[in-house]
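Have a look at the structure below, then the notes.
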Amino acid sequence: MAEIALNQQAVAERGKRLEYFTIGWNSLEGLVAVVAGARAGSISLVGFGVDSFIEVTSGATLLWRMTVDADVQSRDRNEKLSLRIVGICFIALAVYIAYESASDLISRRAPGHSIPGIILACVSLVVMPLLSQAKKKVGNELGSAAMRADAKQTDFCVYLSAILLCGLLLNAALGWWWADPVAALVMVPIIGKEGFDGVKGKACCDSHH
């Protein structure tokens, strides 16, 4: 019995380390993407960066959820509130990206090429799937829906990285200026869905350990 408890504790610790890494990685990713995006005038890159910062809030919520185990009722209530706030941020971001990318397309505003953005998207495409796998493993071992939901959020980052990379590469290699705002528009429903799930209290909340 004690052995099982110890094993569970070790898995939970691994889960926390994964969350700390996620928060650190997303903070760095967000910073690089927003700065590179602002310099190149790339809405898909800026959107990707802001999304990373919102993911930091979401990851911090889950980390707090894993750490605070005292009063279940108030914890669940606070978690739902945190998720709603994160959800509203995602919806606001989706609206902002939709507006900016549509404006860019209408005014034919061509973004500059962004080598840092391309490198970031490539690295993200390697790191994120590995992170998602590790989270799913911990989620299954702990029987934690919260951790599995967070792994799904990491999968979202993989999709966004792939879309971002396509837009940046098409613009850099073929000079298709419109590829960047179109890539940003493709991100909108993905980010929007994540937002609505959060507002409904879903994302990490189908999560009774």
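Throughout, residue positions are numbered sequentially from 1 according to the sequence presented. The model shown is predicted, which means the values in this text are computed figures rather than measured ones.
- A distance-only check finds a donor-acceptor pair linking the side chain of Ser161 to the backbone of Cys157 [under 3.5 Å].
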Handout entry: Audit row: Ile85, Thr57, side-chain contact (heavy atoms from CB on, under 4.5 Å) steps and yes/no
Key = CA-CA 9 Å; Ile85 293 164; Thr57 319; 5.9 Å; no
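- Classification of Arg17 and Glu13 as a salt-bridged pair fails, no side-chain N sitting under 4.0 Å from a carboxylate O.
- Counting only heavy atoms from C-beta outward, the side chains of Glu19 and Asp150 approach each other to under 4.5 Å.
- Cys122 SG to Leu168 CG: the interatomic distance, rounded to the nearest 0.5 Å, is 9.5 Å.
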Step by step, work out the side-chain contact (heavy atoms from CB on, under 4.5 Å) result for Val50 and Phe90.
CA-CA 9 Å; Val50 176; Phe90 275 127; over 6 Å; no
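- Using a 4.5 Å heavy-atom cutoff, the side chains of Leu105 and Leu185 are in contact.
- To the nearest 0.5 Å, the span separating CD on Glu55 from CD1 on Ile23 amounts to 11.0 Å.
- Taking the six-membered ring where tryptophan is involved, the planes of Tyr159 and Phe156 are perpendicular, since the angle between them exceeds 60° and thus also 30°.
- Arg84 places a side-chain N or O within 3.5 Å of a backbone atom of Val199 that can act as its donor or acceptor partner.
- The side chain to side chain donor-acceptor pair (under 3.5 Å) test with Lys135 singles out one residue from Asp155, Thr22, Asn140, and that residue is Thr22.
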(Q) Before you tell me yes or no, could you show the steps for Leu165 and Ile118 under side-chain contact (heavy atoms from CB on, under 4.5 Å), namely the whole-Å CA-CA distance, both residues' side-chain angles and the distance that decides it to 0.1 Å? (A) CA-CA 6 Å; Leu165 187 60; Ile118 290 170; 3.9 Å; yes
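- Put simply, the side chain of Ile97 does not reach to within 4.5 Å of the side chain of Asp51, judged on heavy atoms.
- In this structure, CG in Asp180 is found 6.0 Å from CG in Asn171, a value given to the nearest 0.5 Å.
- In this structure the side chain of Val182 never reaches within 4.5 angstrom of the side chain of Trp176, judged on heavy atoms.
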Can you check side-chain contact (heavy atoms from CB on, under 4.5 Å) on Val158 and Ser132, steps first, answer last?
CA-CA 9 Å; Val158 178; Ser132 174; 5.6 Å; no
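- Hydrophobic clustering keeps Val126 apart from Leu28 (ILVMFWY residues linked when any side-chain heavy atoms are closer than 4.5 Å, directly or through intermediates).
- Here Leu142 contributes atom CG and Arg148 contributes atom CZ; the two are 9.5 Å apart, rounded to the nearest 0.5 Å.
- Residue Lys152 qualifies as open at atom NZ: its count of foreign heavy atoms under 6.0 Å is 12 or below.
- The shortest distance between side-chain heavy atoms of Gln133 and Lys137 does not fall below 4.5 Å.
- To the nearest 0.5 angstrom, Met128 atom CE is 4.5 Å from Glu29 atom CD.
- The side chain to side chain contact (heavy atoms under 4.5 Å, CB included) test with Ile43 singles out one residue from Tyr96, Phe48, Tyr99, and that residue is Tyr96.
- For the atom pair CD1 (Ile115) and CG (Leu120), the distance works out to 12.5 Å, reported to the nearest 0.5 Å.
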